[in-house]
Amino acid sequence: MKNYDDIKPSNFIEEEILEDLKMGKSKEVITRCPPEPSGYWHIGHCKAWMINFETALKFGGYTYLRMDDTNPSREQGEFADSYLNDLEWLGYKPKDVIFASEKYFDKIYDIALNMIKNGYAYVDELSQEKQLAMKGTLTKPGQNSPYRDRPIEESLKLFKEMKEGKYPDGSMTLRAKIDMSHPNILMRDPIMYKISREHHYKTGYKWCIYPIYDFAHPMEDALEGVTYSLCDITFRVHREVYEWFIEHAWNKPFAPKQREFSTLNLENVLLGKRYLKALVNSGKVLGWDDPRFMTIVGMKRRGYTANGIKNFIRSCGVVASESTIPFNALEHYIREDLNKISTRAMVVLDPLKIVITNYKEGKTEDIEIDNNPNDDKAGKHKALFAREIYIEKEDFALDPPPKYNRLTLGGLVRLKGAYIIKCNEVIYKHNGEIDYLKCEYIENSKSGNDCSNIKVKGTIHFVAVDNAFDCTIRIFKNLTKLDYKWPSKALSEGVSLEEILEPNSMIEKMAKAEKFLLNANAFDKFQFMRKGYFILDKDSTKNNYIFNFTISLKESFKV
RNA sequence: UGGGGUGUCGCCAAGUGGUAAGGCACGAGACUUUGACUCUCGCACGCGUAGGUUCAAAUCCUGCCACCCCAGCCA
């Protein structure tokens with residue numbers, strides 16, 4: 001047996017696993033990610049497979065990616081493909097990719113046959129309505145189906161005929177014979193198979209009977225050799241059914257264990273598959289990978305990093321109690337990672353022109369900008385200083401609020417990487433708006449060899465007119481109004497999508513970017529100094545660079 | 001109301017009978033050619049509640065309260 005002494009469990013599930021391993025109750029840790037290919041994965045799912053992958057990894061085991069495609073009416077191949085990409089982006093490698101429909105349907109059918117032979121299952125001819133009526137309620141026990149005690153041979157024959165297509169959809173089901181008066185309603189003879197002639201994206205029309213989750217899932221786990229089936233707390237009440245099927249249908253030496261953890265709930269985030277789908281179909285968003293979506297592909301396009309997302313999820317812990325986490329907790333971990341890896345650049349989002357009156361016309365000087373001041377290995381890149389430059393409109397104030405560190409009329413400010421300037425005059429347009437500023441530069445104040453002895457309070461970013469190109473910036477706000485902390489819940493309670501959606505949650509505007517950014521490739525991440533983090537969107541062309549706003553910098557200055 | 005689950009700082013969360021870790025948020029200060037980053041300090045005489053056991057209880061016992069999940073031929 002392996003030595004597990006140096007493994008420290010970090011949550012209640014790992015504690016139990018460690019104990020099992022030490023006691024020899026299980027030999028290895030094999031887990032699974034079992035998506036139903038009926039939508040794109042989002043940050044909530046991310047937690048589930050992180051736990052499955054990382055738990056297995058911790059104990060030297062591995063994880064399967066298994067498409068839980070047992071319901072032909074909901075599933076599509078498009079989605080199955082997306083999971084592999086998502087997983088790769090997040091840095092996880094499954095031991096194998098399995099389609100339950102292809103690999104296990106025959107075996108599950110055989111298991112069902114066996115269960116009938118052993119008296120644990122029967123074919124029921126009750127309609128769906130009748131079954132429901134006889135199921136009882138939360139407080140009242142159910143009643144046995146009149147078909148419950150039919151001879152084993154009869155059930156066997158009928159079940160085989162169900163498979164052969166002799167009976168119409170919905171006319172019969174295979175049910176487990178458990179206990180119609182069980183206090184757990186899921187244990188009241190759960191359905192194991194239904195009849196459906198819908199087309200299945202993987203197996204076509206090969207099958208007309210399909211196993212139901214409660215039966216299929218434990219069997220798939222067992223057939224795969226999964227030892228720990230880690231899922232979210234929704235399935236806690238299903239555990240009893242899971243264990244019943246394992247006990248009555250699986251007589252191999254090992255048995256998989258199902259354990260549950262709470263789901264990840266984020267404030268102000270819309271995750272419901274049907275709502276996202278509606279938005280995608282309506283054309284109101286850019287697609288499943290819209291940067292406002294917290295789908296994996298959406299977050300990737302937004303500029304979030306896999307590490308940031310994973311660090312955030314780790315920070316939430318693995319527990320059984322439900323919680324809702326404020327969005328700024330996620331943002332903290334995204335910023336933390338972006339700060340380490342993103343290249344700095346100067347981009348003016350809302351330009352105000354300045355003419356340096358005492359700087360010679362036509363003259364330019366190279367200046368150097370650190371690609372990342374927190375990373376010595378990141379190097380520097382060149383920018384330009386010239387007579388005409390742009391600064392951010394909000395970095396100049398005629399009537400500055402208290403503690404304003406930026407440019408004012410008659411005041412001094414440092415231009416990042418270049419000179420200290422002083423504003424002497426404001427030139428107005430006919431309509432009274434500011435046209436441009438006349439400033440002078442302090443000659444011996446250049447960054448690197450400043451001997452001016454002048455101390456300024458503020459440093460602002462800028463781009464030289466000659467070193468700038470126009471680019472498109474996409475600014476995002478939360479998809480839904482902030483008043484709705486739980487948008488999916490509000491929607492399910494009848495509030496309309498239109499009401500919940502934040503108007504203009506995506507705004508496009510033009511900005512002046514330094515030419516260094518012309519080298520960027522799609523998905524490259526940048527910090528536009530003093531403004532925030534941005535990522536070059538995949539829709540960009542040579543003639544139109546589009547930068548998606550990922551997240552702002554923290555801002556402690558408040559007017 | 002049957003069954004299951006959960007209650008520790010504004011939000012997460014450690015804690016497993018020996019006197020309340022940590023993170024986020026927030027507040028104060030230092031540093032700063034990004035009002036970023038970084039750093040320092042502060043932030044629960046209290047662990048849903050009422051009793052009990054004990055020298056000692058968030059941890060053990062009993063009662064109560066609150067919230068969440070379950071009655072698809074969905075997963």
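All chains are named by letter (A, B, ...) in the order of the sequence lines, taking the proteins before the strands, and each is independently numbered beginning at 1. Below, each value reflects all heavy atoms present in this structure, side chains not excepted, and no hydrogens, waters or symmetry copies.
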- Task: Check whether the aromatic ring of A/F557 stacks on the base of B/G35, taking stacking as ring centres less than 5.5 Å apart and planes within 30° of each other.
- Result: yes
- So do A/I421 and A/E440 actually touch side chain to side chain, heavy atoms under 4.5 Å? no
- Does the side chain of A/F235 reach to within under 4.5 Å of the side chain of A/Q258, using non-hydrogen atoms? yes
- Message: What is the distance, to the nearest angstrom, from the CG atom on A/N265 to the P atom on B/C67?
- Response: 18 Å
- Task: For A/R175 and A/R188, work out which heavy atoms get closest and say how close.
- Result: NH1-O, 3.6 Å
- Query: Contact class for A/G170 (heavy atom, under 4.0 Å): base, sugar-phosphate, or nothing?
  - Reply: base
- Query: To the nearest Å, how far apart are A/K455 NZ and B/G35 P?
  - Reply: 16 Å
- Message: Just so I know, are the side chains of A/T137 and A/K140 near enough to count as touching, which here means a heavy-atom distance under 4.5 Å?
- Response: yes
- Task: Starting at atom CG of A/L553, determine the distance to atom P of B/U38, rounded to an integer number of angstrom.
- Result: 11 Å
- Item | Whole-Å gap separating P (B/C70) and CE (A/M187) | 18 Å
- Task: For A/Q128, report the nucleic acid contact type (base, sugar-phosphate, nothing); a contact means any heavy atom under 4.0 Å.
- Result: base
- May I ask you to evaluate whether A/T70 reaches the phosphate of B/A75, defined as a side-chain N or O under 4.0 Å from OP1 or OP2? yes
- Proximal nucleotide (of B/A75, B/C37, B/U34) relative to the A/K554 side chain: B/C37
- Item | Side chain of A/R530 (C-beta onward), nearest among B/G5, B/G3, B/G35 | B/G35
- Query: Which nucleotide, B/C12, B/G3, B/A36, lies nearest any side-chain atom of A/P183?
  - Reply: B/G3
- At under 4.0 Å between heavy atoms, what does A/H238 touch on the DNA or RNA strands: base, sugar-phosphate, or nothing? base
- Name the nucleic acid region contacted by A/S556, choosing base, sugar-phosphate or nothing; use a 4.0 angstrom heavy-atom cut-off, strictly under. sugar-phosphate
- So what does A/P141 hit on the nucleic acid, given a heavy-atom distance under 4.0 Å: a base, only sugar-phosphate, or nothing? nothing
- Item | Whole-Å gap separating C1' (B/C11) and NZ (A/K485) | 9 Å
- Ignoring hydrogens and angles, tell me if any N or O in the side chain of A/E75 forms a donor-acceptor pair with the backbone of A/N71 under 3.5 Å. yes
- What's the NE2-C1' distance between A/H217 and B/C74, to the nearest Å? 14 Å
- Side chain of A/F235 - closest among B/U6, B/U34, B/A75: B/A75
- Task: Please examine the side chains of A/L264 and A/C316, heavy atoms only from C-beta on, and report whether any two atoms are closer than 4.5 Å.
- Result: yes
- When all nucleic acid strands are considered with a 4.0 Å heavy-atom cut-off, which category describes A/Y404: base, sugar-phosphate, or nothing? base
- For A/V319, report the nucleic acid contact type (base, sugar-phosphate, nothing); a contact means any heavy atom under 4.0 Å. sugar-phosphate
- Message: Counting the atoms with a prime plus P, OP1 and OP2 as sugar-phosphate, which does A/K130 contact under 4.0 Å by heavy atoms, base, sugar-phosphate, or nothing?
- Response: nothing
- How long is the line joining CD of A/E322 and C1' of B/C70, in whole Å? 14 Å
- Message: Looking only at the side chain of A/P326 (C-beta and beyond, no hydrogens), which of the listed nucleotides B/G35, B/C11, B/A25 gets closest?
- Response: B/C11
- Message: Can you measure A/M162 atom CE to B/C73 atom P for me and round it to whole angstrom units?
- Response: 13 Å
- Could you tell me whether A/H461 contacts a base, only the sugar-phosphate backbone, or nothing, with contacts defined as non-hydrogen atoms closer than 4.0 Å? nothing
- Message: So A/E240, base contact, sugar-phosphate only, or nothing? Heavy-atom distance under 4.0 Å.
- Response: nothing
- Look at the side-chain N and O atoms of A/R74 and state whether any lies under 4.0 Å from the OP1 or OP2 oxygen of B/C74. no
- Message: Just N and O in the side chain of A/T324: are any of them under 4.0 Å from OP1 or OP2 of B/C11?
- Response: no
- Message: Quick check on B/G72: syn or anti? Syn means the glycosidic torsion is within 90 degrees of zero.
- Response: syn
